[in-house]
**Q** 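The following block contains the structure, expressed as C-alpha coordinates.
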Amino acid sequence: MEESSTSSTVQVQSRRGRGYYFPDATDEQWTDWRWQFRHRITSLDELLRFLHIPEDERAARREVLRDFRMGITPYYLSLIDADDPDDPILRQVVPLQDEVYNREVGVEDPLGEEAYSPVPGITHRYPDRVLMVISNSCAIYCRYCTRKRIMYEDAVPDIEIDRMVDYIARTPQVRDVVVSGGDPLNNSTPKLERILSKLRAIPHLEIIRIGTRVPVALPQRIDDELCEMLQKYHPLWINVHFNHPREVTPEAARACDKLSRAGVPLNNQSVLLKGVNDDVPTMKALVHGLMRMRVRPYYLYQCDPVRGSEHLRTTVGKGLELIEGLRGHTSGLAIPTFVIDAPGGGGKIPVTPDYLQSYDPVAGRAVVRNFQKKVFVYDDPRPVSSAEWKAAHGAGANGNGNGNGNGHANGNGNGNGHGNGNGHAPATDLEGRPIVGKSTWVHRGHQAPAPTNRLPTVDRIDGGGNGDGR
Ligand SMILES: *Cc1c(COP(=O)(O)O)cnc(C)c1O
Ligand code: SF4
(Lines give C-alpha, C1' and ligand atoms only; values in the text may rest on other atoms or scores of the structure.)
(Ligands and ions follow the chains in the order given, each with its own letter.)
Protein backbone atom coordinates (compact mmCIF):
# COMPACT_ATOMS: atom_id res chain seq x y z
CA MET A 1 0.00 0.00 0.00
CA GLU A 2 2.88 2.34 0.65
CA GLU A 3 3.97 1.66 -2.89
CA SER A 4 0.89 2.94 -4.56
CA SER A 5 0.88 6.14 -2.56
CA THR A 6 4.51 7.07 -3.14
CA SER A 7 5.71 5.52 -6.36
CA SER A 8 3.09 6.80 -8.69
CA THR A 9 4.36 9.14 -11.34
CA VAL A 10 2.87 12.36 -12.54
CA GLN A 11 -0.58 12.74 -11.09
CA VAL A 12 -3.22 14.78 -12.78
CA GLN A 13 -5.12 15.86 -9.73
CA SER A 14 -2.28 17.72 -8.02
CA ARG A 15 -0.47 20.78 -9.17
CA ARG A 16 2.37 19.10 -10.92
CA GLY A 17 3.21 17.46 -14.19
CA ARG A 18 3.99 18.80 -17.60
CA GLY A 19 0.40 19.93 -18.11
CA TYR A 20 0.53 22.13 -15.04
CA TYR A 21 3.94 23.72 -15.51
CA PHE A 22 4.37 23.70 -19.28
CA PRO A 23 0.94 23.51 -20.85
CA ASP A 24 2.22 25.04 -24.08
CA ALA A 25 5.16 22.72 -24.68
CA THR A 26 4.62 20.48 -27.69
CA ASP A 27 5.51 16.79 -27.61
CA GLU A 28 8.32 17.52 -29.94
CA GLN A 29 9.75 20.10 -27.58
CA TRP A 30 9.20 18.07 -24.45
CA THR A 31 10.96 14.99 -25.80
CA ASP A 32 13.86 16.98 -27.22
CA TRP A 33 16.69 17.09 -24.70
CA ARG A 34 18.07 20.26 -26.23
CA TRP A 35 14.78 22.02 -25.57
CA GLN A 36 14.77 20.67 -22.02
CA PHE A 37 18.35 21.77 -21.49
CA ARG A 38 17.80 25.26 -22.89
CA HIS A 39 14.70 25.76 -20.77
CA ARG A 40 16.33 24.91 -17.49
CA ILE A 41 15.38 27.14 -14.58
CA THR A 42 18.54 28.73 -13.34
CA SER A 43 17.47 31.83 -11.43
CA LEU A 44 15.12 32.52 -8.58
CA ASP A 45 13.10 34.93 -10.70
CA GLU A 46 12.41 32.22 -13.23
CA LEU A 47 11.55 29.81 -10.47
CA LEU A 48 9.00 32.23 -9.09
CA ARG A 49 7.01 31.81 -12.26
CA PHE A 50 6.40 28.20 -11.25
CA LEU A 51 6.65 27.89 -7.49
CA HIS A 52 5.55 30.00 -4.59
CA ILE A 53 8.40 31.29 -2.47
CA PRO A 54 7.59 33.57 0.48
CA GLU A 55 8.52 37.15 -0.21
CA ASP A 56 10.72 37.47 2.86
CA GLU A 57 12.87 34.48 1.84
CA ARG A 58 13.64 35.53 -1.66
CA ALA A 59 16.65 37.74 -1.09
CA ALA A 60 18.42 35.14 1.03
CA ARG A 61 17.65 32.31 -1.33
CA ARG A 62 18.86 34.39 -4.24
CA GLU A 63 22.02 35.11 -2.33
CA VAL A 64 22.77 31.44 -1.72
CA LEU A 65 22.76 30.86 -5.46
CA ARG A 66 25.99 32.81 -5.53
CA ASP A 67 27.58 29.94 -3.59
CA PHE A 68 26.18 27.17 -5.74
CA ARG A 69 24.17 27.48 -8.89
CA MET A 70 20.69 26.23 -9.53
CA GLY A 71 19.56 24.25 -12.54
CA ILE A 72 16.26 22.44 -12.96
CA THR A 73 15.08 20.93 -16.22
CA PRO A 74 11.41 21.43 -17.09
CA TYR A 75 11.04 17.67 -16.90
CA TYR A 76 12.45 17.50 -13.37
CA LEU A 77 10.43 20.54 -12.30
CA SER A 78 7.31 18.77 -13.51
CA LEU A 79 7.84 16.09 -10.84
CA ILE A 80 7.49 18.69 -8.08
CA ASP A 81 4.19 19.15 -6.32
CA ALA A 82 3.69 22.92 -6.35
CA ASP A 83 1.49 22.72 -3.26
CA ASP A 84 4.09 21.08 -1.08
CA PRO A 85 6.88 23.31 0.26
CA ASP A 86 8.58 20.14 1.60
CA ASP A 87 8.32 18.25 -1.64
CA PRO A 88 11.10 15.60 -1.88
CA ILE A 89 11.96 16.51 -5.46
CA LEU A 90 12.00 20.21 -4.66
CA ARG A 91 14.30 19.67 -1.67
CA GLN A 92 16.93 18.17 -3.95
CA VAL A 93 17.22 21.09 -6.36
CA VAL A 94 15.62 24.23 -4.95
CA PRO A 95 17.64 26.30 -2.48
CA LEU A 96 15.80 26.43 0.81
CA GLN A 97 16.02 28.93 3.59
CA ASP A 98 17.91 26.27 5.57
CA GLU A 99 20.65 26.34 2.97
CA VAL A 100 21.23 29.96 3.82
CA TYR A 101 21.51 29.20 7.53
CA ASN A 102 23.89 26.33 6.85
CA ARG A 103 25.98 28.19 4.36
CA GLU A 104 29.07 28.17 6.51
CA VAL A 105 28.65 24.63 7.82
CA GLY A 106 30.51 21.83 6.13
CA VAL A 107 33.56 21.73 3.89
CA GLU A 108 34.43 22.39 0.25
CA ASP A 109 35.94 19.02 -0.55
CA PRO A 110 34.52 16.53 1.96
CA LEU A 111 36.20 13.50 0.43
CA GLY A 112 39.66 15.03 0.08
CA GLU A 113 39.53 14.36 -3.64
CA GLU A 114 42.05 17.05 -4.42
CA ALA A 115 44.57 15.56 -2.02
CA TYR A 116 44.52 12.22 -3.83
CA SER A 117 44.83 13.79 -7.23
CA PRO A 118 47.97 12.97 -9.23
CA VAL A 119 46.78 15.13 -12.15
CA PRO A 120 43.87 17.56 -12.17
CA GLY A 121 40.60 15.70 -12.66
CA ILE A 122 41.87 12.31 -11.49
CA THR A 123 41.39 10.95 -7.99
CA HIS A 124 43.42 7.82 -7.39
CA ARG A 125 42.46 6.52 -3.98
CA TYR A 126 42.08 2.79 -4.52
CA PRO A 127 44.78 0.50 -5.89
CA ASP A 128 43.14 -0.58 -9.13
CA ARG A 129 40.66 2.13 -10.08
CA VAL A 130 40.44 5.86 -10.53
CA LEU A 131 37.85 8.56 -10.66
CA MET A 132 38.03 10.84 -13.69
CA VAL A 133 36.11 14.11 -13.76
CA ILE A 134 35.35 15.10 -17.35
CA SER A 135 32.61 17.64 -16.87
CA ASN A 136 32.00 20.74 -14.79
CA SER A 137 28.27 20.89 -15.31
CA CYS A 138 25.10 18.88 -14.84
CA ALA A 139 21.55 18.75 -16.13
CA ILE A 140 20.30 19.64 -12.65
CA TYR A 141 22.22 20.86 -9.62
CA CYS A 142 21.62 18.92 -6.46
CA ARG A 143 21.86 21.04 -3.34
CA TYR A 144 23.82 18.33 -1.50
CA CYS A 145 26.36 17.71 -4.28
CA THR A 146 29.76 16.58 -3.02
CA ARG A 147 31.44 18.28 -5.97
CA LYS A 148 29.76 21.66 -5.74
CA ARG A 149 33.23 23.13 -5.80
CA ILE A 150 33.86 22.21 -9.44
CA MET A 151 30.62 23.35 -11.03
CA TYR A 152 31.49 26.08 -13.51
CA GLU A 153 29.86 26.64 -16.83
CA ASP A 154 33.11 26.04 -18.75
CA ALA A 155 33.79 22.66 -20.23
CA VAL A 156 36.82 20.75 -19.01
CA PRO A 157 39.51 21.63 -21.58
CA ASP A 158 40.65 18.88 -23.93
CA ILE A 159 44.20 19.25 -22.79
CA GLU A 160 43.23 18.41 -19.22
CA ILE A 161 41.29 15.39 -20.38
CA ASP A 162 44.29 14.24 -22.38
CA ARG A 163 46.42 14.50 -19.25
CA MET A 164 43.94 12.37 -17.34
CA VAL A 165 43.90 9.73 -20.07
CA ASP A 166 47.66 9.84 -20.14
CA TYR A 167 47.85 9.21 -16.39
CA ILE A 168 45.70 6.10 -16.76
CA ALA A 169 47.73 4.94 -19.75
CA ARG A 170 50.96 5.10 -17.79
CA THR A 171 49.52 3.57 -14.63
CA PRO A 172 49.13 -0.13 -15.40
CA GLN A 173 47.46 -1.06 -12.13
CA VAL A 174 44.36 0.91 -13.15
CA ARG A 175 41.87 -1.59 -14.54
CA ASP A 176 38.67 0.37 -13.85
CA VAL A 177 37.86 4.03 -14.43
CA VAL A 178 34.85 5.84 -13.04
CA VAL A 179 34.07 8.61 -15.52
CA SER A 180 32.20 11.28 -13.63
CA GLY A 181 31.79 15.01 -13.20
CA GLY A 182 29.65 16.99 -13.10
CA ASP A 183 27.74 14.85 -15.46
CA PRO A 184 29.69 13.12 -18.25
CA LEU A 185 26.53 13.01 -20.36
CA ASN A 186 26.50 16.79 -20.35
CA ASN A 187 29.18 16.45 -23.00
CA SER A 188 28.05 16.12 -26.58
CA THR A 189 27.98 12.58 -27.87
CA PRO A 190 30.96 13.15 -30.22
CA LYS A 191 33.03 14.66 -27.41
CA LEU A 192 32.15 11.83 -25.08
CA GLU A 193 33.06 9.37 -27.79
CA ARG A 194 36.46 10.96 -28.24
CA ILE A 195 37.13 10.42 -24.55
CA LEU A 196 35.78 6.88 -24.44
CA SER A 197 37.74 5.82 -27.50
CA LYS A 198 40.96 7.12 -25.96
CA LEU A 199 40.24 5.22 -22.78
CA ARG A 200 39.35 2.06 -24.69
CA ALA A 201 42.68 2.19 -26.46
CA ILE A 202 44.46 1.62 -23.13
CA PRO A 203 45.15 -2.12 -23.02
CA HIS A 204 45.21 -2.56 -19.25
CA LEU A 205 41.96 -0.67 -18.70
CA GLU A 206 39.37 -3.41 -18.35
CA ILE A 207 36.16 -1.62 -17.54
CA ILE A 208 34.81 1.87 -18.01
CA ARG A 209 32.06 3.15 -15.74
CA ILE A 210 30.07 6.31 -16.21
CA GLY A 211 28.32 8.01 -13.31
CA THR A 212 25.37 10.09 -14.44
CA ARG A 213 22.15 11.64 -13.20
CA VAL A 214 20.89 12.33 -16.71
CA PRO A 215 18.42 9.39 -16.79
CA VAL A 216 16.83 10.99 -13.71
CA ALA A 217 17.03 14.66 -14.64
CA LEU A 218 17.02 14.71 -18.42
CA PRO A 219 16.01 11.24 -19.62
CA GLN A 220 15.39 12.58 -23.14
CA ARG A 221 19.17 12.78 -23.52
CA ILE A 222 19.36 8.97 -23.68
CA ASP A 223 18.74 8.79 -27.40
CA ASP A 224 19.63 6.30 -30.11
CA GLU A 225 22.72 8.18 -31.16
CA LEU A 226 24.12 8.06 -27.63
CA CYS A 227 23.28 4.39 -27.10
CA GLU A 228 24.78 3.36 -30.42
CA MET A 229 27.95 5.17 -29.52
CA LEU A 230 28.18 3.78 -25.98
CA GLN A 231 27.83 0.19 -27.02
CA LYS A 232 31.03 0.39 -29.03
CA TYR A 233 33.02 0.76 -25.83
CA HIS A 234 32.05 -2.28 -23.82
CA PRO A 235 32.58 -3.46 -21.17
CA LEU A 236 30.89 -0.23 -20.12
CA TRP A 237 28.84 0.14 -16.96
CA ILE A 238 26.65 3.02 -15.91
CA ASN A 239 25.81 4.15 -12.41
CA VAL A 240 22.66 6.21 -12.21
CA HIS A 241 21.45 8.29 -9.29
CA PHE A 242 17.78 7.99 -8.34
CA ASN A 243 16.82 9.17 -4.87
CA HIS A 244 13.06 9.08 -4.75
CA PRO A 245 10.35 6.78 -6.13
CA ARG A 246 8.68 9.71 -7.87
CA GLU A 247 11.76 9.94 -10.10
CA VAL A 248 10.87 6.51 -11.46
CA THR A 249 8.74 7.76 -14.35
CA PRO A 250 7.86 6.31 -17.74
CA GLU A 251 10.46 8.65 -19.27
CA ALA A 252 13.18 7.48 -16.88
CA ALA A 253 12.19 3.86 -17.45
CA ARG A 254 12.47 4.37 -21.18
CA ALA A 255 15.95 5.87 -20.79
CA CYS A 256 17.10 2.98 -18.59
CA ASP A 257 15.61 0.45 -20.97
CA LYS A 258 17.49 1.95 -23.90
CA LEU A 259 20.76 1.78 -22.01
CA SER A 260 20.09 -1.78 -20.91
CA ARG A 261 19.33 -2.77 -24.47
CA ALA A 262 22.64 -1.28 -25.49
CA GLY A 263 24.17 -3.85 -23.17
CA VAL A 264 25.00 -1.44 -20.37
CA PRO A 265 24.42 -2.83 -16.86
CA LEU A 266 22.79 -0.20 -14.67
CA ASN A 267 23.43 0.28 -10.97
CA ASN A 268 22.00 2.97 -8.77
CA GLN A 269 23.71 5.14 -6.21
CA SER A 270 21.33 7.00 -3.91
CA VAL A 271 22.18 9.61 -1.36
CA LEU A 272 20.33 9.38 1.94
CA LEU A 273 18.63 12.74 2.34
CA LYS A 274 16.54 14.12 5.13
CA GLY A 275 12.97 14.74 4.07
CA VAL A 276 13.58 13.05 0.72
CA ASN A 277 14.12 9.34 1.20
CA ASP A 278 14.78 8.84 4.90
CA ASP A 279 11.92 6.51 5.71
CA VAL A 280 11.45 2.84 5.01
CA PRO A 281 8.31 3.01 2.83
CA THR A 282 9.91 5.60 0.53
CA MET A 283 13.18 3.70 0.27
CA LYS A 284 11.35 0.47 -0.36
CA ALA A 285 9.23 2.04 -3.08
CA LEU A 286 12.41 3.46 -4.62
CA VAL A 287 14.29 0.15 -4.76
CA HIS A 288 11.23 -1.63 -6.07
CA GLY A 289 10.87 1.01 -8.78
CA LEU A 290 14.52 0.57 -9.69
CA MET A 291 14.16 -3.20 -9.92
CA ARG A 292 11.21 -2.79 -12.25
CA MET A 293 13.47 -0.74 -14.52
CA ARG A 294 16.17 -3.42 -14.27
CA VAL A 295 18.39 -1.08 -12.30
CA ARG A 296 20.24 -2.72 -9.44
CA PRO A 297 20.51 -0.71 -6.21
CA TYR A 298 24.25 -0.46 -5.57
CA TYR A 299 25.09 2.08 -2.90
CA LEU A 300 23.11 4.14 -0.45
CA TYR A 301 25.44 6.94 0.61
CA GLN A 302 25.42 8.71 3.87
CA CYS A 303 25.29 12.36 2.74
CA ASP A 304 28.73 13.97 2.75
CA PRO A 305 29.21 17.01 4.98
CA VAL A 306 29.58 19.35 2.04
CA ARG A 307 29.15 23.05 2.67
CA GLY A 308 25.53 24.23 2.75
CA SER A 309 23.87 20.83 2.95
CA GLU A 310 23.64 20.25 6.68
CA HIS A 311 19.85 20.44 6.56
CA LEU A 312 19.75 17.58 4.06
CA ARG A 313 21.94 15.24 6.09
CA THR A 314 20.57 12.71 8.51
CA THR A 315 22.08 10.30 11.00
CA VAL A 316 24.00 7.10 10.44
CA GLY A 317 21.36 5.46 12.61
CA LYS A 318 18.73 6.43 10.07
CA GLY A 319 20.65 4.68 7.32
CA LEU A 320 20.95 1.56 9.45
CA GLU A 321 17.24 1.68 10.12
CA LEU A 322 16.53 1.78 6.39
CA ILE A 323 18.76 -1.20 5.64
CA GLU A 324 17.18 -3.04 8.53
CA GLY A 325 13.79 -2.26 7.04
CA LEU A 326 14.78 -3.75 3.70
CA ARG A 327 16.88 -6.81 4.50
CA GLY A 328 14.65 -9.85 4.72
CA HIS A 329 11.60 -7.75 4.01
CA THR A 330 12.20 -7.53 0.29
CA SER A 331 14.28 -9.08 -2.50
CA GLY A 332 17.93 -9.27 -1.58
CA LEU A 333 18.72 -7.99 -5.06
CA ALA A 334 16.96 -4.74 -4.22
CA ILE A 335 19.11 -3.88 -1.21
CA PRO A 336 21.96 -1.41 -1.65
CA THR A 337 25.11 -1.37 0.43
CA PHE A 338 24.94 1.50 2.89
CA VAL A 339 28.26 3.34 2.88
CA ILE A 340 29.94 6.26 4.51
CA ASP A 341 32.48 7.89 2.23
CA ALA A 342 35.14 8.61 4.82
CA PRO A 343 35.73 12.32 5.41
CA GLY A 344 39.10 13.45 4.16
CA GLY A 345 39.48 10.57 1.75
CA GLY A 346 39.41 7.13 3.37
CA GLY A 347 37.13 5.74 0.68
CA LYS A 348 33.75 4.12 0.96
CA ILE A 349 33.12 2.17 4.12
CA PRO A 350 30.17 -0.20 4.33
CA VAL A 351 28.07 0.08 7.44
CA THR A 352 25.66 -2.71 8.32
CA PRO A 353 23.23 -3.46 11.10
CA ASP A 354 24.56 -5.89 13.73
CA TYR A 355 23.57 -9.12 12.03
CA LEU A 356 26.82 -10.65 13.23
CA GLN A 357 26.41 -10.38 16.97
CA SER A 358 29.63 -12.10 17.92
CA TYR A 359 32.29 -14.23 16.37
CA ASP A 360 34.96 -16.24 18.12
CA PRO A 361 37.50 -17.36 15.52
CA VAL A 362 39.26 -19.67 18.00
CA ALA A 363 36.16 -21.56 18.97
CA GLY A 364 35.00 -21.17 15.37
CA ARG A 365 31.59 -19.94 16.28
CA ALA A 366 29.45 -17.06 15.06
CA VAL A 367 26.29 -15.80 16.68
CA VAL A 368 24.06 -14.20 14.08
CA ARG A 369 20.63 -12.73 14.11
CA ASN A 370 18.08 -12.55 11.34
CA PHE A 371 15.73 -9.84 10.12
CA GLN A 372 13.22 -10.83 12.80
CA LYS A 373 15.92 -10.50 15.47
CA LYS A 374 15.98 -14.23 16.06
CA VAL A 375 19.41 -15.46 17.07
CA PHE A 376 21.27 -18.42 15.58
CA VAL A 377 24.61 -20.08 16.11
CA TYR A 378 26.75 -21.00 13.16
CA ASP A 379 29.87 -23.15 13.49
CA ASP A 380 32.93 -22.90 11.32
CA PRO A 381 33.92 -26.04 9.43
CA ARG A 382 35.67 -28.74 11.37
CA PRO A 383 36.15 -31.68 9.01
CA VAL A 384 36.54 -35.13 10.52
CA SER A 385 40.14 -36.30 10.13
CA SER A 386 40.97 -39.90 9.34
CA ALA A 387 42.42 -40.31 12.84
CA GLU A 388 39.21 -39.07 14.41
CA TRP A 389 37.17 -41.28 12.22
CA LYS A 390 39.24 -44.35 13.02
CA ALA A 391 39.14 -43.60 16.71
CA ALA A 392 35.40 -43.26 16.64
CA HIS A 393 34.94 -46.43 14.65
CA GLY A 394 37.53 -48.51 16.45
CA ALA A 395 40.61 -48.49 14.25
CA GLY A 396 41.93 -51.78 12.90
CA ALA A 397 40.90 -54.80 10.92
CA ASN A 398 37.41 -55.04 12.37
CA GLY A 399 36.73 -51.35 12.01
CA ASN A 400 34.32 -51.96 9.19
CA GLY A 401 32.32 -54.44 11.01
CA ASN A 402 29.57 -52.19 12.37
CA GLY A 403 27.14 -53.24 9.79
CA ASN A 404 28.00 -50.66 7.17
CA GLY A 405 29.10 -53.31 4.80
CA ASN A 406 25.68 -54.73 4.26
CA GLY A 407 23.97 -51.44 4.21
CA HIS A 408 25.98 -50.37 1.25
CA ALA A 409 25.79 -53.64 -0.47
CA ASN A 410 22.09 -53.52 -0.97
CA GLY A 411 21.92 -49.81 -1.43
CA ASN A 412 24.17 -49.85 -4.40
CA GLY A 413 24.26 -53.36 -5.54
CA ASN A 414 21.00 -53.46 -7.34
CA GLY A 415 21.68 -50.22 -9.14
CA ASN A 416 24.12 -51.56 -11.65
CA GLY A 417 25.55 -54.71 -10.24
CA HIS A 418 28.92 -53.07 -10.19
CA GLY A 419 31.68 -55.61 -10.61
CA ASN A 420 31.09 -58.87 -8.99
CA GLY A 421 31.47 -58.02 -5.40
CA ASN A 422 27.85 -57.53 -4.50
CA GLY A 423 27.86 -58.75 -0.95
CA HIS A 424 31.55 -58.37 -0.40
CA ALA A 425 31.63 -55.67 2.22
CA PRO A 426 35.14 -54.56 1.20
CA ALA A 427 37.57 -53.49 3.89
CA THR A 428 37.37 -49.79 3.06
CA ASP A 429 33.92 -49.11 1.87
CA LEU A 430 34.33 -45.39 2.47
CA GLU A 431 37.07 -45.28 -0.13
CA GLY A 432 36.29 -47.91 -2.65
CA ARG A 433 32.54 -48.06 -2.81
CA PRO A 434 30.90 -47.90 -6.17
CA ILE A 435 29.28 -44.62 -7.01
CA VAL A 436 25.88 -44.87 -8.60
CA GLY A 437 23.44 -42.14 -9.35
CA LYS A 438 21.91 -42.28 -5.93
CA SER A 439 22.95 -40.74 -2.67
CA THR A 440 24.20 -42.99 0.06
CA TRP A 441 23.96 -40.12 2.50
CA VAL A 442 21.11 -41.63 4.44
CA HIS A 443 23.09 -44.76 5.19
CA ARG A 444 26.17 -42.90 6.22
CA GLY A 445 24.17 -40.55 8.34
CA HIS A 446 22.74 -43.43 10.24
CA GLN A 447 25.91 -45.28 10.73
CA ALA A 448 28.66 -42.77 11.36
CA PRO A 449 28.43 -41.58 14.94
CA ALA A 450 29.40 -37.96 15.49
CA PRO A 451 33.01 -37.62 16.60
CA THR A 452 33.11 -37.01 20.27
CA ASN A 453 35.68 -34.23 20.38
CA ARG A 454 33.68 -31.61 18.43
CA LEU A 455 32.18 -28.52 19.88
CA PRO A 456 28.88 -29.18 21.56
CA THR A 457 26.02 -28.33 19.27
CA VAL A 458 23.90 -25.43 20.37
CA ASP A 459 20.94 -25.04 18.15
CA ARG A 460 19.67 -21.73 19.28
CA ILE A 461 19.89 -19.25 22.00
CA ASP A 462 16.50 -17.71 22.27
CA GLY A 463 14.55 -20.82 21.52
CA GLY A 464 12.75 -19.03 18.76
CA GLY A 465 14.70 -20.41 15.85
CA ASN A 466 13.76 -23.30 13.75
CA GLY A 467 15.68 -26.20 12.36
CA ASP A 468 16.13 -25.09 8.79
CA GLY A 469 18.10 -21.94 9.48
CA ARG A 470 18.59 -21.22 5.76
C1 LIG B 1 33.57 5.75 -5.43
C2 LIG B 1 34.91 5.84 -5.96
C3 LIG B 1 35.44 4.82 -6.74
C4 LIG B 1 34.67 3.57 -7.08
O5 LIG B 1 34.38 2.84 -5.93
P6 LIG B 1 33.64 1.45 -6.01
O7 LIG B 1 33.44 1.05 -4.58
O8 LIG B 1 34.54 0.52 -6.76
O9 LIG B 1 32.36 1.66 -6.73
C10 LIG B 1 36.72 4.96 -7.19
N11 LIG B 1 37.46 6.05 -6.88
C12 LIG B 1 36.97 7.04 -6.12
C13 LIG B 1 37.85 8.18 -5.78
C14 LIG B 1 35.68 6.97 -5.63
O15 LIG B 1 35.19 7.97 -4.89
S1 SF4 C 1 23.94 15.40 -10.80
FE2 SF4 C 1 25.54 14.55 -9.47
S3 SF4 C 1 27.35 15.78 -9.89
FE4 SF4 C 1 25.58 16.90 -10.68
S5 SF4 C 1 24.93 18.26 -9.03
FE6 SF4 C 1 23.73 16.39 -8.82
S7 SF4 C 1 24.93 15.12 -7.39
FE8 SF4 C 1 26.30 16.73 -8.17
Side-chain angles (χ1 to χ4, degrees), residues 40 42 67-73 76 89 91-95 109-118 121-153 156 164 168 171 173-187 206-219 221 237-244 247 265 267-273 276 296-304 306-309 312 336-350:
R40 287 187 307 167
T42 57
D67 298 343
F68 180 50
R69 65 205 296 194
M70 178 172 72
I72 309 172
T73 57
Y76 200 71
I89 306 298
R91 286 178 68 78
Q92 296 182 60
V93 289
V94 171
D109 179 13
L111 306 182
E113 291 181 324
E114 314 288 344
Y116 284 79
S117 182
I122 291 269
T123 300
H124 193 171
R125 169 174 303 130
Y126 296 109
D128 67 340
R129 55 210 191 278
V130 295
L131 172 79
M132 175 179 180
V133 170
I134 65 161
S135 161
N136 285 334
S137 63
C138 294
I140 57 172
Y141 292 102
C142 314
R143 306 317 298 171
Y144 54 87
C145 180
T146 299
R147 299 210 188 99
K148 279 177 186 182
R149 66 182 190 282
I150 67 162
M151 300 298 177
Y152 329 108
E153 196 62 82
V156 176
M164 297 179 213
I168 296 170
T171 312
Q173 67 267 34
V174 177
R175 42 161 288 286
D176 173 3
V177 61
V178 178
V179 178
S180 186
D183 203 307
L185 301 189
N186 248 31
N187 286 301
E206 294 173 9
I207 66 166
I208 299 174
R209 301 193 238 178
I210 292 176
T212 175
R213 215 176 177 203
V214 154
V216 184
L218 182 63
R221 169 77 181 90
W237 295 60
I238 287 185
N239 281 342
V240 293
H241 175 176
F242 288 83
N243 285 334
H244 190 274
E247 295 167 345
N267 286 269
N268 187 65
Q269 316 196 103
S270 292
V271 179
L272 174 57
L273 297 168
V276 174
R296 172 91 211 259
Y298 177 41
Y299 282 143
L300 172 63
Y301 288 97
Q302 185 64 12
C303 185
D304 297 324
V306 66
R307 182 166 294 175
S309 61
L312 290 169
T337 302
F338 176 48
V339 291
I340 297 177
D341 219 330
K348 297 172 184 69
I349 302 174

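These numbers come from a predicted model, not from an experiment. Order of appearance sets the numbers: ligands from 1, and atoms from 1 within every ligand. In what follows, every heavy atom counts, from backbone to side chain, and hydrogens, waters and symmetry copies are set aside.
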**Q** Please identify which atoms of ligand 1 are closer than 4.0 Å to at least one heavy atom of Tyr299.
**A**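 So the answer, numbered in order with elements, is 6 (P), 7 (O), 9 (O).
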**Q** Can you check whether Val240's main-chain N or O pairs, donor with acceptor, with Thr212's side chain at less than 3.5 Å?
**A**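 No, the answer is negative, given that no donor and acceptor are paired below the 3.5 Å cut-off.
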**Q** Does the Glu247 side chain pair with the main chain of Asn243, one donor and one acceptor, at a distance under 3.5 Å?
**A**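 A pair under 3.5 Å: yes.
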**Q** Cut-off 3.5 Å, side chains only: do Asp341 and Gln302 have a donor facing an acceptor?
**A**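 The answer is no; no qualifying pair exists.
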**Q** Quick one: nearest non-hydrogen protein atom to atom 9 (O) of ligand 1, plus distance?
**A**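 The closest heavy atom on the protein side is Tyr298 OH, 2.6 Å.
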**Q** Of the choices Gln269, Lys348, Arg209, Arg125, which has the non-hydrogen atom that lies closest to atom 14 (C) of ligand 1?
**A**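 Nearest heavy atom to atom 14 (C) of ligand 1 lies in Lys348.
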**Q** Can you tell me if Arg221 uses its side chain to pair, donor with acceptor, with the backbone of Leu185 under 3.5 Å?
**A**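 Indeed, once roles are kept as given, a pair shorter than 3.5 Å links the two residues.
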**Q** Can you confirm, on distance only, whether ligand 1 has an N/O atom lying under 3.5 Å from any N/O atom belonging to Arg129?
**A**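 By distance alone, the answer is yes.
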**Q** With no hydrogens and no angle check, is any side-chain donor or acceptor of Lys148 less than 3.5 Å from a backbone partner on Arg307?
**A**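 Pair found, side chain donor or acceptor close to backbone of Arg307.
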**Q** Between Tyr126 and ligand 1, find which residue part has any heavy-atom pair under 4.0 Å and reply side chain, backbone, both or neither.
**A**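 The answer is the side chain of Tyr126.
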**Q** Roughly how far apart are Ile168 CD1 and Gln173 CD, rounded to 0.5 Å?
**A**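 Spacing of CD1 (Ile168) from CD (Gln173) equals 11.5 Å.
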**Q** Within the distance-only criterion (no hydrogens, no angle test), does the side chain of His124 pair as donor or acceptor with the backbone N or O of Tyr126 below 3.5 angstrom?
**A**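 Yes.
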**Q** Determine whether a donor-acceptor pair (N or O, by modelled atom type, separation under 3.5 Å) exists between the side chain of Ser270 and the backbone of Phe242.
**A**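 A pair under 3.5 Å: yes.
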**Q** What residues sit with at least one heavy atom under 4.0 Å from ligand 2?
**A**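 Lining ligand 2 at under 4.0 Å, by heavy atoms, one finds Cys138, Ile140, Tyr141, Cys142, Cys145, Met151, Gly182, Arg213, His241.
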